[in-house]
Engineer: 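Below you will find the structure I want to go over with you.
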Amino acid sequence: MLQDWAPVLVFLILVTGFAVVSVVMSYVMGVKKPNSRKLAPYECGMQPTGTARERFSVKFYLVAMLFLLFDIEAVFLFPWAVVYRDLRIFGFLEMLLFIAAILAGYIYVWKKGALEWER
Amino acid sequence: MIEYLISPEFLLMMAKIVGIFGGVMGSLAYLTWLERKVMARVQMRPGPTRVGPFGLLQPIADGLKFLFKEDIIPTQANKFLFILAPIVALIPALLSFSVIPFGPRLQVADLSVGLLFIFAITSLGVYGIVLGGWASNSKYPLMGAMRSSAQMISYELSLTLSVVGVLMIANTLSLGELVTAQQGTWFGFIPRWNIFLQPVAFVIYVVSAIAETNRLPFDLAESEQELVGGWHTEYSSMKFAMFMLAEYANMLTVSALATILFLGGWTGPAFGPDWLRMVLPTIWFVGKISVFIFFYVLLRSTLPRFRYDQLMKFSWKVLLPLALANILITSLIVAIS
């Protein structure tokens, strides 16, 4: 069982090596003529104003929370789908209840306006 | 231990790994050439022509150029995370090729949970984008990273949910078995591909896949006119190339996955002498992927960009309920039959 993963581990080592080597290579081989303008954050040629460590809209947090809720549902659906033929009608009814509960939550979220981006 | 290292299985495994890695890297390089050439033709330009015949050596020249360019790390940036981000973006993008079956035996590892593995690995790619955008400590990259992460997690939902219908029919998570389950034909001429059983899931998958890879018309993360370059604005030289490489690798992965899940993977008519029968499956597989890639490039060169609120609305209010309805209807039909 665990042996199946050995090639994946070798592949991971190869890929990591490739990524690290390319970063190091470009550092070693690239020209280095830094100046203060070049190292400043890019702002379309203007003098950079203010800081980039601003607060951002709460909507992004909301999306992340909703994603967690529905992704857990997706995770539950995967094993169910794989053994679905063995579970027969029992599995169908069980999952109907589960999806109904999720759907109720989904309708609540929609009605609350959490899915409206422009507000 | 030493015996294992010189055993035929180990050598075969290493040959497969090196072959697939080399093949993927080569096709990634030529993907950039293909995209530039096709887009140029759509816009009635000749595209790259100067380096080699038809500009065929352009990817090599580009790679060398990236290597010798100045490696700029902005003074305000968080150095460690700034360097780490492209590595974090590239590793999962390339690692997913370790479970993709390019042919009947041309697969590095046929995991029993191959599909879950790919979903788990590719969803790590968003970390590279968020880290890169945040560590740059600049406004455009930050905004691009925020948008991109919200977009990717939204579309990941419909992507994963669209696959559930296929799993109900195939009853396996192993990518190799998913392909073999689609061998054969109905009535002698219609191939047993899942696309005919799950057309809605296929559409949902393709749309979410384009959004997942941040391609037009969903490339809000790097919309040039608003955000300069999105999360990789501050990146230069090889680090920038690694972000691009990761994006193209993800494009290849989702196309390969679409082929495996819906279009029968490497299955296809086999004919001719033995050596041809050996390579034909791989040719079919690559051909099917190429159709997807070509479709992506055509989309990019023809469609305008979504607005951000439209993008989020489309994911949460159209694709998600559609995917859920598809699961319910599929489960009902499978339960009855």
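The figures that follow rest on heavy atoms only: side chains count, while hydrogens, waters and symmetry mates do not. Residue numbering restarts at 1 for every chain, and letters A, B, ... go by the order of the sequence lines. On a predicted model such as this, the values are computed, not experimentally measured, just so you know.
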Engineer: Do the side chains of A:F78 and B:L115 get nearer than 4.5 Å, heavy atoms only?
Structural biologist: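 Yes, at least one pair of side-chain atoms sits under 4.5 Å.
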Engineer: Identify the heavy atoms of B:A150 and A:V63 that sit nearest to each other, and give their distance.
Structural biologist: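 Reported closest heavy-atom pair: O-CG1, 4.0 Å.
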Engineer: Given that the side chain runs from C-beta out, which part of B:M25 has a heavy atom under 4.5 Å from chain A: side chain, backbone, both or neither?
Structural biologist: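 Side chain only.
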Engineer: Which answer fits B:K317, side chain, backbone, both or neither, if we ask what part of it has an atom under 4.5 Å from a heavy atom of chain A?
Structural biologist: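 Looking at B:K317, backbone and side chain both touch chain A.
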Engineer: Any donor and acceptor pair, going by atom type alone, linking the side chain of A:R85 with main-chain N or O of B:A170 inside 3.5 Å?
Structural biologist: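 Flag not set: sc A:R85 to bb B:A170 has no pair under 3.5 Å.
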Engineer: Check the surroundings of atom CE in B:M13: do more than 12 heavy atoms from other residues, nucleotides or ligands lie under 6.0 Å from it?
Structural biologist: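 Counting neighbours around CE of B:M13, more than 12 heavy atoms of other residues, nucleotides or ligands fall under 6.0 Å, so yes.
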Engineer: Can you tell which part of B:L67 gets under 4.5 Å to a heavy atom of chain A, answering side chain, backbone, both or neither?
Structural biologist: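 Both backbone and side chain of B:L67 come within 4.5 Å of chain A.
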Engineer: Rounded to the nearest 0.5 Å, what separates atom NZ in A:K32 from atom CG in B:D71?
Structural biologist: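 Answer rounded to 0.5 Å: 7.5 Å.
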Engineer: What do the steps show when you test B:V108 against A:V8 for side-chain contact (heavy atoms from CB on, under 4.5 Å), and what is the final call?
Structural biologist: CA-CA 7 Å; B:V108 175; A:V8 178; 5.7 Å; no
Engineer: Between B:F119 and chain A, with a heavy-atom cut-off of 4.5 Å, which part of the residue counts as in contact: side chain, backbone, both or neither?
Structural biologist: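 Only the side chain of B:F119 comes within 4.5 Å of chain A.
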Engineer: Look at atom CZ of A:F98 and say whether more than 12 heavy atoms of other residues, nucleotides or ligands are closer to it than 6.0 Å.
Structural biologist: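 Count over threshold, so yes.
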Engineer: Among A:I89, A:L96, A:V75, A:V23, which residue forms the greatest number of heavy-atom pairs with chain B at distances under 4.5 Å?
Structural biologist: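 Going by pairs under 4.5 Å, I would pick A:V23.
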Engineer: Examine whether an atom of B:L332 lies under 4.5 Å from a heavy atom of chain A, and if so say whether it belongs to the side chain, the backbone or both; otherwise answer neither.
Structural biologist: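 Its backbone and side chain both get close to chain A.
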Engineer: As an exercise: rank B:T172, B:D110, B:I17 by heavy-atom pairs under 4.5 Å with chain A and give me the winner.
Structural biologist: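 Option with the top pair count is B:I17.
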Engineer: Given side-chain contact (heavy atoms from CB on, under 4.5 Å), test A:V15 with B:L90 step by step and report yes or no.
Structural biologist: CA-CA 8 Å; A:V15 166; B:L90 187 62; 5.6 Å; no
Engineer: Check whether B:V113 gets within reach of chain A through its side chain, its backbone, both or neither, counting any heavy atom under 4.5 Å.
Structural biologist: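 Just its side chain gets close to chain A.
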Engineer: Working note: A:F11 + B:F97, criterion ring-ring contact (aromatic ring centres under 6.0 Å, His included); need CA distance, chi angles, decisive distance, verdict.
Structural biologist: CA-CA 9 Å; A:F11 207 90; B:F97 290 105; 7.7 Å; no
Engineer: A:I99 versus chain B, heavy atoms under 4.5 Å apart: side chain, backbone, both or neither?
Structural biologist: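 For A:I99, the contact with chain B is made by the side chain alone.
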Engineer: Using non-hydrogen atoms and a 4.5 Å limit, figure out which bit of A:L66 sits close to chain B: side chain, backbone, both or neither.
Structural biologist: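 For A:L66, the contact with chain B is made by backbone and side chain together.
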Engineer: What pair of heavy atoms forms the shortest contact from A:F67 to B:I153, and how long is it?
Structural biologist: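 It is CD1-O, 3.1 Å.
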Engineer: So what's closer than 4.5 Å to chain A heavy atoms on B:L95: side chain, backbone, both or neither?
Structural biologist: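 When you check distances to chain A, atoms from both the backbone and side chain of B:L95 fall under 4.5 Å.
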Engineer: Looking at B:L167, B:V166, B:V99, B:I20, which has the largest count of heavy-atom pairs under 4.5 Å with chain A?
Structural biologist: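 Of the candidates given, the most pairs with chain A belong to B:L167.
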Engineer: Which heavy atom of B:E70 sits nearest to which heavy atom of A:K33, and what is that distance?
Structural biologist: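 Reported closest heavy-atom pair: OE2-N, 3.2 Å.
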Engineer: Against chain B, label A:F92 side chain, backbone, both or neither, depending on which of its atoms sit under 4.5 Å from a heavy atom there.
Structural biologist: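 Looking at A:F92, just its side chain touches chain B.
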Engineer: Do A:Y27 and B:M238 have side chains that approach each other closer than 4.5 Å (heavy atoms only, starting at C-beta)?
Structural biologist: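 The answer is no, as the side chains (C-beta and beyond) never meet within the 4.5 Å cut-off.
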Engineer: For the pair A:F60 and B:Y308, name the ring-plane relationship: parallel under 30°, tilted 30 to 60°, perpendicular over 60°.
Structural biologist: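 It falls in the tilted class, 30° to 60°.
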Engineer: For B:E234, is it the side chain, the backbone, both, or neither that has a heavy atom closer than 4.5 Å to a heavy atom of chain A?
Structural biologist: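 Side chain only.
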Engineer: Who wins among B:I83, B:T233, B:T75 for the most heavy-atom pairs under 4.5 Å with chain A?
Structural biologist: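 Most heavy-atom pairs within the cutoff with chain A belong to B:T75.
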Engineer: Start with the C-alpha distance between B:I327 and A:W80, add both sets of side-chain angles, then the distance that settles side-chain contact (heavy atoms from CB on, under 4.5 Å), and finish with yes or no.
Structural biologist: CA-CA 11 Å; B:I327 292 172; A:W80 168 76; 4.1 Å; yes
Engineer: Below 4.5 Å, heavy atoms only, C-beta onward: do A:P34 and B:I72 meet side chain to side chain?
Structural biologist: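 SC-SC contact between A:P34 and B:I72 ruled out.
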Engineer: Quick check: B:W316 with A:Y106 (ring centres under 6.0 Å apart)?
Structural biologist: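 They do not qualify: ring centres at least 6.0 Å apart.
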Engineer: Are B:T160 and A:F70 side-chain neighbours, meaning at least one heavy-atom pair lies under 4.5 Å?
Structural biologist: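 When only atoms from C-beta onward are counted, A:F70 and B:T160 do not touch, as no gap falls below 4.5 Å.
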Engineer: Return the option, out of B:M146, B:M312, B:Q76, with the maximum number of heavy-atom pairs under 4.5 Å with chain A.
Structural biologist: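 Winner by heavy-atom pair count: B:M146.
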Engineer: Do A:E73 and B:L157 make a side-chain contact, defined as non-hydrogen atoms from C-beta onward lying under 4.5 Å apart?
Structural biologist: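 They are not in side-chain contact.
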Engineer: Please tell me if the side chains of A:V31 and B:F68 come closer than 4.5 Å, counting only heavy atoms from C-beta onward.
Structural biologist: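 No, side chains not in contact.
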Engineer: Taking A:Y84 for the side chain and B:S331 for the main chain, is one N or O donor matched with an acceptor at less than 3.5 Å?
Structural biologist: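 Confirmed, A:Y84 side chain pairs with B:S331 backbone.
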Engineer: Show the nearest heavy-atom pair for residues A:S22 and B:M242, with the distance to one decimal.
Structural biologist: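 A:S22 and B:M242 have their closest heavy atoms at OG-SD, 4.1 Å.
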Engineer: Looking at chain A, which one of B:R307, B:K239, B:Q310, B:K69 has the largest number of heavy-atom pairs inside 4.5 Å, strictly under?
Structural biologist: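 Of the options given, most contacts go to B:K69.
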